[in-house]
Amino acid sequence: MHYPDLSTLNTRFGARGRIAFRAGENGLPIAALAGVTGSCEVSLYGGHVLSYRPAGHLPVLFMSKSSRFESGKPIRGGIPVCWPWFGPHPTDPTRPAHGFARIVPWRLAATEYTSRTTEIRLALDDTDPTCGGWPYRFSLTLRVALENALKVELTTRNTDTRPFTFSEALHSYFGVRQIMDVTVRGLEGTAFTDQVTGAAGCPQETPLVIRQEVDRVYADTEAECVIDDAGLERQIIVAKRGSRTTVVWNPWIDKAQRMPDFGDEEYTRMVCIETANVGANAITLAPGESHTLAATISADAKAE
Ligand code: BG6
């Protein structure tokens, strides 16, 4: 699929001072949204939120300085959309990790602004040739809205004649000053599968601190998470709806060095808290049914 040219996007979907389109790296189109309470940027490539900044405060999302912005490669930071599988493909290791939605162009469906909201809706469906290989008809909508917080909603609709099952995640990367000064609250009492060791049913008894590679899938939790960043004196609050899994990820030292699109020291400045439905929490939709996965991200942030 080709992207519409920027002047067409600006004429049809732009709004002075609120919504503008520009070319990002390698010409990938980016929508810049401004609201009363903040701003954000969304890439049409991947349906990917690149940044979010509450008015007068520091940016909330992490973006790697080594990220690629190239067709066919995932963007390292912001909010990648993982769909319709999470992690490696269940049977075919040649398929892309975390599904195809994050590495294909999305269609711009609508923009809207009022005194309360500035928002954009992107769409992806099985008629797009880049989505070949998923054997079902589907339609996806991503709504990104700047309100008093950043709202991201991914709706999956089964337009097939057969039921299908999928996994999904809003793989959100959050920026922190120094990971050693960070505590993540909200997962106490929830068991997790440790994807580093392979151990299942591990207890999380206390708020989480990160002192090594962490790659954990917490199942059956609808809890809000709070990233307490003592270094920045701020809290990031990740609330969710339609999600029963939370994934926490930090690659730490060795894995960071192995990742070509991530700086060796950047693990100290990020943590992923992913709003998800994976494993036993995967979603099955009958024909005609739909499901919405939603994350609401806000920051009780120190002013600049
Ligand atoms: C996390 C997974 O969600 O994403 C990790 O739990 C994975 O296992 C990480 O390493 C990054 O994945 P990718 O495909 O973006 O490098």
Side-chain angles (χ1 to χ4, degrees), residues 43 45-50 61-90 92-104 133 152 154 166-176 179 184 187 190-202 204 208 210 212-221 225 227 238 240 243-264 266-283 293 295 297:
S43 166
Y45 173 65
H48 197 123
V49 179
L50 299 172
L61 300 177
F62 165 87
M63 176 60 66
S64 171
K65 291 192 169 33
S66 306
S67 178
R68 295 161 173 170
F69 295 90
E70 270 172 49
S71 285
K73 298 268 193 311
I75 295 170
R76 180 69 68 196
I79 311 184
V81 173
C82 304
W83 193 97
W85 60 87
F86 181 83
H89 184 276
D92 182 353
T94 66
R95 306 296 304 279
H98 289 326
F100 53 77
R102 67 176 176 163
I103 52 168
V104 298
V152 185
L154 177 69
F166 63 99
S167 295
E168 57 184 347
L170 298 169
H171 190 310
S172 315
Y173 287 73
F174 295 101
V176 299
I179 194 70
V184 179
L187 296 165
T190 303
F192 65 87
T193 297
D194 187 332
Q195 302 214 96
V196 179
T197 64
C202 308
Q204 180 71 50
L208 173 62
I210 297 175
Q212 60 194 342
E213 181 180 353
V214 166
D215 188 350
R216 298 180 176 183
V217 177
Y218 294 83
D220 303 325
T221 173
C225 282
I227 303 167
V238 189
K240 60 183 193 161
S243 161
R244 308 246 325 130
T245 309
T246 298
V247 180
V248 180
W249 181 61
N250 179 298
W252 211 250
I253 300 166
D254 294 346
K255 191 162 181 175
Q257 288 173 359
R258 291 196 301 272
M259 288 161 52
D261 58 347
F262 189 84
D264 288 358
E266 287 186 322
Y267 74 93
T268 61
R269 298 202 292 278
M270 56 71 70
V271 61
C272 287
I273 306 290
E274 307 171 34
T275 297
N277 288 302
V278 314
N281 297 139
I283 304 287
L293 171 73
I297 295 165

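In this text the structure is predicted, and so the values were computed from the model without any measurement. Read the numbers this way: they start at 1 and go in the same order the structure lists the ligands and their atoms. Just so you know, these numbers use all the heavy atoms, side chains as well, and skip hydrogens, waters and symmetry mates.
- Checking Asp264 against Gln257 by side-chain atom types alone, no donor-acceptor pair falls below 3.5 Å.
- Note on ring orientation: taking the six-membered ring where Trp is involved, the planes of Tyr173 and Trp249 are perpendicular (angle over 60°, cut-offs 30° and 60°).
- Taking 4.0 Å as the cut-off between side-chain N and carboxylate O, Arg68 and Asp261 do not count as a salt-bridged pair.
- Taking the six-membered ring for Trp and thresholds of 30 and 60 degrees, Trp85 and Phe100 have ring planes more than 60 degrees apart, a perpendicular arrangement.
- Scanning the protein for heavy atoms near atom 10 (O) of ligand 1, the closest one is Lys255 NZ, 2.8 Å.
- Less than 4.0 angstrom separates some heavy atom of Glu274 from each of these atoms of ligand 1: 1 (C), 3 (O).
- The option from Met259, Arg76, His98 that lies nearest to atom 16 (O) of ligand 1, judged by heavy atoms, is Arg76.
- The nearest heavy-atom contact from the protein to atom 1 (C) of ligand 1 is His171 NE2, 3.3 Å.
- Here the shortest heavy-atom distance to atom 14 (O) of ligand 1, taken over Arg102, Lys73, Glu213, belongs to Arg102.
- Less than 4.0 angstrom separates some heavy atom of Ala97 from each of these atoms of ligand 1: 14 (O).
- Residue Gln195 approaches ligand 1 through these ligand atoms, each under 4.0 Å from one of its heavy atoms: 6 (O).
- No donor-acceptor contact under 3.5 angstrom links the side chains of Thr190 and Gln204, judged on distance only.
- Using a distance-only test at 3.5 Å, with no hydrogens or angles considered, a donor-acceptor pair links the side chain of Lys240 to the main chain of Thr245.
- For atom 6 (O) of ligand 1, the closest non-hydrogen atom of the protein is Asp215 OD1, 2.6 Å.
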